[in-house]
Amino acid sequence: MTPQEFEELRRRSNEIDDDELANAIYEDWMDYTADEPADDEARHRIYARIASRCFNRRRSITSRVLRVAAAIVIPLMVGVGAFLFMEHVYSGGGEAAYSAVSTGPGERATVKMPDGSAVSLNGNSTMEYALADFAGNASRRVRFSGEGLFDIAAADGKAFIVETPTVDVTVKGTVFNLEAAKDRDYTTLALLEGRVSIKSGGSGNEIEMSANEKAVVNNLTGQIEVSSITDNDNPTGWNTKKLYFKNAPMRQVISQIEKNADCRLIVADSLQDKHFTGLIPIANVGSAATIIEKAFNTTVTVSRN
């Protein structure tokens with residue numbers, strides 16, 4: 001399979017719903033005859049390996065599809081070294097030594113780390129780590145770019161260090177959302193539980209943070225500003241698919257829906273300065289638009305990015 005064919009496969013899989021995808025895979029599997037079919041033991045081993053790595057996608061795929069996909073994708077894609085959201089494990093001497101996970105636009109992935117920590121990746125995000133950094137007494141280190149929700153397990157005082165293009169974040173056991181990309185003007189960290197230190201890669205400025213605080217780092221100057229997380233910040237809205245607002249200006253509401261749902265909302269200019277209180281689910285952008293339309297007796301047009 002060429003890279004172009006792989007990208008086409010990923011594009012098409014993202015365009016159809018779960019039932020259509022399940023039926024397509026099942027039908028292809030029933031019609032497919034491999035030259036060297038894998039035996040039952042090999043198929044079970046492949047499935048167990050996939051399940052153990054906890055690759056929870058944006059789409060909810062049934063266990064039947066996972067079992068079928070394990071039997072289909074592995075024989076067809078040996079040598080490609082990728083799942084649909086591009087997960088790679090690099091080996092040395094037969095033992096996996098290095099892992100990298102990346103997501104494309106609109107994709108989600110949740111990764112279970114060797115130490116029990118869990119990281120949920122938003123779209124257009126990457127994370128890399130060496131398995132050796134999670135063994136022995138060494139600090140646990142990952143390289144990260146994009147947006148992710150980190151739930152870090154405590155490990156006998158061993159620090160967990162997240163290295164990004166703009167900042168380094170050091171934790172021992174905590175939950176935080178981090179948005180860090182080299183091509184953006186600001187890096188944002190929202191600390192939900194525990195304590196962390198954040199250090200600017202540009203200026204060397206470093207500060208300690210406590211739970212329910214938000215740090216915004218100017219990537220050009222290295223200046224770090226810390227404030228309390230407000231009712232309208234919704235740092236994990238992209239992951240929960242729910243946005244909560246309390247007397248928030250509609251320009252802020254619309255901006256957050258667009259950012260977290262990867263879309264554009266076209267509304268009347270007169271709506272921008274009105275205020276909204278309530279819950280807006282964003283798993284279905286059409287439902288979010290309907291809530292706004294009914295709340296303000298207006299029309300909302302949704303444009304997909």
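Remember, it's a predicted structure, so these values are computed and weren't measured experimentally. The first residue of the sequence shown is numbered 1, and numbering continues consecutively from there.
- Checked by atom type and distance alone, the side chain of Arg140 pairs as donor or acceptor with a backbone atom of Lys158 at under 3.5 Å.
- In terms of heavy atoms, Leu243 sits closest to Gly237 at CD2-CA, 3.7 Å.
- Ile229 and Leu189 are members of different hydrophobic clusters when ILVMFWY side chains are connected at heavy-atom separations under 4.5 Å.
- Using a distance-only test at 3.5 Å, with no hydrogens or angles considered, a donor-acceptor pair links the side chain of Asn205 to the main chain of Gly222.
- The structure places CG of Leu265 at 10.0 Å from OG of Ser255, a figure rounded to the nearest 0.5 Å.
- Note that OH of Tyr129 is 5.0 Å distant from CE of Met113, once rounded to the nearest 0.5 Å.
- Under the side-chain hydrogen bond (donor to acceptor under 3.5 Å, both in side chains) criterion, Thr188 pairs with no residue, sequence neighbours left out.
- For the atom pair Asp183 CG and Thr166 OG1, the distance stands at 10.5 Å (nearest 0.5 Å).
- The CD atom of Glu293 sits 8.0 Å away from atom OG1 of Thr301, with the distance rounded to the nearest 0.5 Å.
- Residue-environment remark: CD (Glu206) exceeds the threshold of 12 foreign heavy atoms within 6.0 Å.
- Counting only distance, with no hydrogens or angles, the side chain of Asn284 and the backbone of Gly286 share a donor-acceptor pair below 3.5 Å.
- Side-chain atoms of Ser117 come within 3.5 Å of backbone N or O of Ala153 as a donor-acceptor pair.
- What you find for Leu191 and Val175 is that their closest heavy atoms are CD1-O, 3.6 Å.
- Under a hydrophobic clustering in which Ile, Leu, Val, Met, Phe, Trp and Tyr are joined whenever their side-chain heavy atoms come within less than 4.5 Å, directly or via other members, Ile254 and Trp238 fall into different clusters.
- Salt bridge annotation for Glu147-Arg184: absent, with no cationic side-chain nitrogen under 4.0 angstrom from a carboxylate oxygen.
- Applying the side-chain contact (heavy atoms from CB on, under 4.5 Å) test between Phe245 and each of Leu279, Asn234, Thr277, Asp231 identifies Asn234 as the sole match.
- Contact of the Ile292 side chain with the Leu271 side chain is registered, since non-hydrogen atoms from C-beta on lie closer than 4.5 Å.
- Under a hydrophobic clustering in which Ile, Leu, Val, Met, Phe, Trp and Tyr are joined whenever their side-chain heavy atoms come within less than 4.5 Å, directly or via other members, Val285 and Met250 fall into the same cluster.
- Taking 4.5 Å as the limit, every side-chain heavy atom of Val162 sits out of range of all side-chain heavy atoms of Val167.
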For side chain to side chain contact (heavy atoms under 4.5 Å, CB included), just list the numbers for Val300 and Val267, CA-CA rounded to whole Å, side-chain angles, deciding distance to a tenth of an Å, and then say yes or no.
CA-CA 5 Å; Val300 178; Val267 300; 3.8 Å; yes
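- Partners of Phe150 according to the ring-ring contact (aromatic ring centres under 6.0 Å, His included) rule, which considers only residues two or more places apart in sequence or in another chain, are Phe144, Phe176.
- Contact between Arg108 and Lys241 at its shortest, heavy atoms only, is NH2-NZ, 3.1 Å.
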Any chance you could lay out the side chain to side chain donor-acceptor pair (under 3.5 Å) test for Thr230 and Asn232, step after step, and finish with the verdict?
CA-CA 5 Å; Thr230 71; Asn232 299 321; 5.2 Å; no
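- Hydrophobic clustering of Ile, Leu, Val, Met, Phe, Trp and Tyr side chains at less than 4.5 Å, counting indirect connections, unites Val119 with Val142.
- Taking each heavy atom of Ile280 and Ala288 in turn, the nearest pair found is CG2-CB, 3.5 Å.
- The heavy-atom pair separating Leu131 from Pro114 by the smallest distance is CD2-CG, 4.0 Å.
- The backbone N or O of Asn239 lies less than 3.5 Å from no partner atom in the side chain of Thr236, so there is not a single donor-acceptor pair.
- In this structure, Thr103 contributes its side chain and Ser125 its backbone to a donor-acceptor pair below 3.5 Å.
- For the pair Thr170/Ile161, a side-chain contact is recorded, criterion being any heavy-atom separation below 4.5 Å from C-beta on.
- Summarising the local packing, NZ of Lys274 is surrounded by 12 or fewer heavy atoms from other residues, nucleotides or ligands at distances under 6.0 Å.
- Val253 and Ile291 fall within a single hydrophobic cluster, where Ile, Leu, Val, Met, Phe, Trp and Tyr side chains are chained together by heavy-atom contacts under 4.5 Å.
- Nearest approach of Phe276 to Ala295, heavy atoms of both residues: CE1-CB, 4.3 Å.
- Interatomic distance, Ile207 CD1 to Ser197 OG, rounded to the nearest 0.5 Å: 9.0 Å.
- Summarising the geometry, atom CD belonging to Glu128 is positioned 9.0 Å from atom OG belonging to Ser99; distances are rounded to the nearest 0.5 Å.
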